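Below you'll find the structure, written out as structure tokens, and then a few comments.
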Amino acid sequence: MRTQRGALSIWAIAVLVYLAAVFHRTSLGVASLEASVRFGVGPAALGTFTVLQIGVYALMQVPTGLLVDRYGPRRVLTVAALLMGAGQLLFAFAVSYPLGLLARGVLGVGDAMTFVSVLRLVAAHFPARRYAALAALTAALGAIGNLVSTVPLSALLDGAGWTATFAVAGAATVLYAVVLATRVRDGAAAEPDRAPARTAGMVPLLRSVLGQVRLAWSTPGTRLGFWVHFSTMFAPAMLGLLWGFPYLVQAQGMSEPAAGLLLGVLVVGAIVGGPLVGTVVSRWPECRTPLVVAYLVTALAVWSVLLGWPGGRVPAGVLVAGFALLSFGGPASSIGFALARDYNPLRRVGTATGVVNVGGFVAITVSALSVGVLLAAFGPLGPQTAFRIALLSVVVVLVVGLWRTSVWWRRARAAVFDAEARGEAVPVQIRRRAWDLARA
């Protein structure tokens, strides 16, 4: 019982820094219009803030997984808190566009190091059967940071102002690094992998690192997890991070407080959906990918309604329902991490988790940049028409994700059937269907 309480305590401390990471990541959502005035930039340049931050996040996922496997999650989380705090402090005092970009880049590096580290702690301190539920719960609790970055952050910006609000957030995150360094323990199963240190020379070390990445990427379960994450999390995240607020205010004619409340629906849905999805997939793991496909089909239907509504002005009730359905993309994306955990040995889970996490943030980067560029190109047609055209890029990314998820679902199932035929143990028992591939 004491061991269990200790594991829960370590997880809770780590989850708080992930909550802070989500807050910092999404803090530009309700501040996007103010940032446009502060830095004197248009939609395309404003979109670059998010593209840079998320692009850095995506690029850092595989290195982060390797660092976690090499040095342990405690050290990586501590450095992450320091970087996020420093980035937000710099953003608080930045008055030029280049300095603002630098601040968001530093913040993105720190943000990139949090989630993989927390999941590595979960893998080390809890049994495998609880991993999916705790991963989904971690994401749901992290979404509270997104909730704080909507209406409460908007009120703070109106009251205390830009500099004071972001400076306090940055300083608090830096101080929390002390808590991480002193209270978190890696655990015996998460002890740093010291094997590379015995390899003489940089070339053999690089080969060893690339070999770990190659092994993770070549595993069909990891590849399926990548496309699951790519497909599910990007649309609600893109709306919450940057373009949802301008879309609701400029294209849908909502007041800024009402738009902030509606963005909160994305967060509430993620908070409610996280434990729900985690419980379902823990009890019935064979339902994981069918659940993902069902969400993706639903998301396509939602975007068809939002973008095809006659006249362009969507009723508030339809917007609430649409955003509520889209919000389940975050919880569904946690299924990708469960796939990485199940089909990779523990020593490679950090690397595989990083590979999976790249997927969603590549999709966010592509979609956020595409929306910004299309808005700048079609802006003269008016905000309703411009946003309708720009958000079609989200549908394109969603269709690509659904296609690749379907391809790798069949290949991953074939790999499981082949392993069973060889007499190997498999983490999930599935039944062969008529549409299954003969071999992986």
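From a predicted model like this one, the values you see are computed outputs, not experimental measurements.
The shortest side-chain heavy-atom distance between Val399 and Leu300 falls under the 4.5 Å cut-off. By the 4.5 Å heavy-atom criterion applied to side chains, His24 and Thr173 are counted as neighbours. Side-chain contact between Pro290 and Trp409 is present, with heavy atoms from C-beta onward closer than 4.5 Å. The closest side-chain heavy-atom distance from Val416 to Tyr343 is below 4.5 Å. Side-chain contact between Phe387 and Leu374 is absent, with no heavy-atom pair separated by less than 4.5 Å. Side-chain contact check for Arg388 versus Gln384: every heavy-atom pair is 4.5 Å or farther apart. Side-chain contact between Val394 and Phe234: present, with at least one pair of heavy atoms (C-beta onward) separated by less than 4.5 Å. Taking 4.5 Å as the limit, some side-chain heavy atom of Leu319 sits within range of a side-chain heavy atom of Met254.
Contact check on Arg104 versus Asp111 returns no salt bridge, with no Lys/Arg side-chain nitrogen under 4.0 Å from an Asp/Glu carboxylate oxygen.
Side chain to side chain, Trp11 and Thr138 meet the donor-acceptor criterion of an N or O pair below 3.5 Å. Ser393 and Ser367 share no side-chain donor-acceptor pair at under 3.5 Å.
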Let me see the working for Ser231 and Thr405 under side chain to side chain contact (heavy atoms under 4.5 Å, CB included), right down to the final yes or no. CA-CA 8 Å; Ser231 308; Thr405 297; 3.2 Å; yes
Chi angles and distances behind the side chain to side chain contact (heavy atoms under 4.5 Å, CB included) call for Leu157, Phe166: CA-CA 9 Å; Leu157 286 169; Phe166 288 130; 4.1 Å; yes
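Expressed to the nearest 0.5 Å, how far CZ of Phe230 lies from CG of Asn357 amounts to 13.5 Å.
Taking the six-membered ring for Trp and the full ring otherwise, Phe226 and Trp217 have centroids separated by under 6.0 Å. Between Phe115 and Phe337, the ring center distance clears the sub-6.0 Å criterion.
Between Arg120 and the choices Asp69, Thr353, Thr64, the side chain to side chain contact (heavy atoms under 4.5 Å, CB included) rule is met once, by Asp69.
In this pair, Trp162 and Phe91 present their aromatic rings tilted. The plane angle is within the 30 to 60° band.
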